[in-house]
Every structure is written in C-alpha cells, then in structure tokens.
Amino acid sequence: MIVENLQNIENRIQEACKRAGRKRDEVTLIAVSKTKPVEMLQEVYMEGIRDFGENKVQELCQKIEVLPENINWHMIGHLQTNKVKYIVGKTRLIHSVDSLKLAEEIQRLAEKRDVDVDILVEVNIANEESKFGISKEKVIDLVQAISRLTRVHIKGLMTIAPLVNNPEDNRLFFRGIKELSVDIKLQNIDNVSMDVLSMGMTGDYEVAIEEGATMVRVGTGIFGERNYNI
Ligand SMILES: *Cc1c(COP(=O)(O)O)cnc(C)c1O
C-alpha cells in the first residue's frame, strides 16, 4: 500500500509542478510519520524518501535512535521551551517556531553545543484560535528579533492551513504566505533567508505547490489514517 501511495503522490507532485511551471526538485516531500511504527518508516525509506516529519519530541527522539543516520528529521509540531534540549542538534529543520522565547532557548542550547539550528517561523495564516503560530501582522517583528540570534537561522515560513473539504478554499491562504515571504525577503534582513515555504498536507498539497510551497508535509496520504487510540 505504501509503495502505491508514494507513487501516486509523486505523480501528483510532478503534475502540480508542471502546472505551476516549477521544477520537481524545488519541492521536498516530507513523510509525516507521527504515530506510525518504525517498520513503516523503513518501508518509506526504502523507496528513497529521506525527509521525515514528527510532531512530538519523545517520539522523534526514539525514531532518530533506531533509523538510519542520513534521514533529515523535521520537527513540525508545537515545541515547548522545556523540551528544546532534547532536539537541538538532531533536526534538519524546526518548522514550528512562533515566539522569541522559544527561539532564545534554541539559541542558548545551540551555543552550548556549538551547533547551528535552521528554523521556520510558523504563521497562523487564518487566525484560527485552535492553532499555534504567530499572526501575519506580527511576523516581521518576530523575524527581526530572531535574526539577532547568531546560532538560529530562519530559512522561511511554515503554516498549517484550515481543515477544508475543498483544497481550493486554502489557495488564498497559501498565496498570502508566499506574499508575506516575498515582503520579508525584500527587507534583506541579515541571517534570514526565505527560500523555504512549508505548506500543504494530504488534503491540499497540490494547491500549495501551485502557490509556491517548497516543502509539503504528507502523512495520511502515505501511511494511511492515524489511530490515536492505540
Ligand atoms: C499531522 C501533520 C501533517 C500531516 O497531515 P496529513 O493530513 O495526515 O497529511 C502535516 N503537518 C503537520 C504540522 C502535522 O501535524
């Protein structure tokens, strides 16, 4: 099942890139493996996928321990300040930074461990109460503040769009994130680049790619439905 799912998603990514006049290698597929056993991740790894996303620190650390070293691990879930110590130095990218306090804790540990940490700033694009992320209006101030942290490097923006039945309903949100990233880029802030846009999940990754996503985070589409009761 996983192999067919991946093939199907790969085809759709290629089609979306074509429609948007983009190259396939501009988009990275992140396999979101939360709640899934390592055997399933191994199966996906065998198909050539090297980017995996997890949303819980403990689960992320357990999987890092047992899976191949050349995996790029993406922390995509809300990160509490007191858990930063478990992941600094282990991730390719932390997608979910939405406060200066959190970025400062990452900086503190990065200095201590003599590592650099790449991050994205999470934007709550639809201003949903239930979601983490900073509001669009406050993003630039936060980016400027974080840019002064020498070991923390902003690479772009991340958003979790609303859960919708029709992916077209999220198109303007994705477009808004892209526009925001262009605005920030134009400011030429030291230690900030805007090359990464992490947006689009199983229900809407094709629209996200059409609107400029460089990373799509797909869980259910690859691994099937999640069961949180086990
Ligand atoms: C779970 C999760 C995903 C993947 O969601 P699917 O709808 O299963 O593709 C993507 N991004 C984040 C932040 C998630 O927590």
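Read the numbers this way: they start at 1 and go in the same order the structure lists the ligands and their atoms.
To the nearest 0.5 Å, atoms CG (D190) and CD (Q144) are separated by 11.0 Å. Note that CD1 of I76 and CD1 of I30 are 7.0 Å apart. Values are rounded to the nearest 0.5 Å.
At least one cation-pi condition fails for R217 and Y205: the charged atom is not both under 6.0 angstrom from the six-membered ring centre and inside a 45 degree cone around its axis.
Using the six-membered ring where Trp is involved, W73 and F52 have ring planes that are tilted, between 30° and 60° apart.
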Exercise answer, ligand 1 polar atom pairs (N/O) under 3.5 angstrom:
unit_1   : atom_1 : unit_2 : atom_2 : d
ligand 1 : 8 (O)  : T220   : N      : 2.8
ligand 1 : 8 (O)  : T220   : OG1    : 2.5
ligand 1 : 8 (O)  : R226   : NH1    : 2.8
ligand 1 : 8 (O)  : R226   : NH2    : 3.1
ligand 1 : 9 (O)  : T202   : N      : 3.0
ligand 1 : 9 (O)  : T202   : OG1    : 2.4
ligand 1 : 9 (O)  : G219   : N      : 2.8
ligand 1 : 11 (N) : R217   : NE     : 2.8
ligand 1 : 15 (O) : K34    : NZ     : 2.6

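At a cut-off of 3.5 Å, with distance as the only test, no side-chain donor of N11 or E15 sits close to an acceptor on the other residue.
In the displayed structure, M46 atom CE is contacted under 6.0 Å by at most 12 heavy atoms of other residues, nucleotides or ligands.
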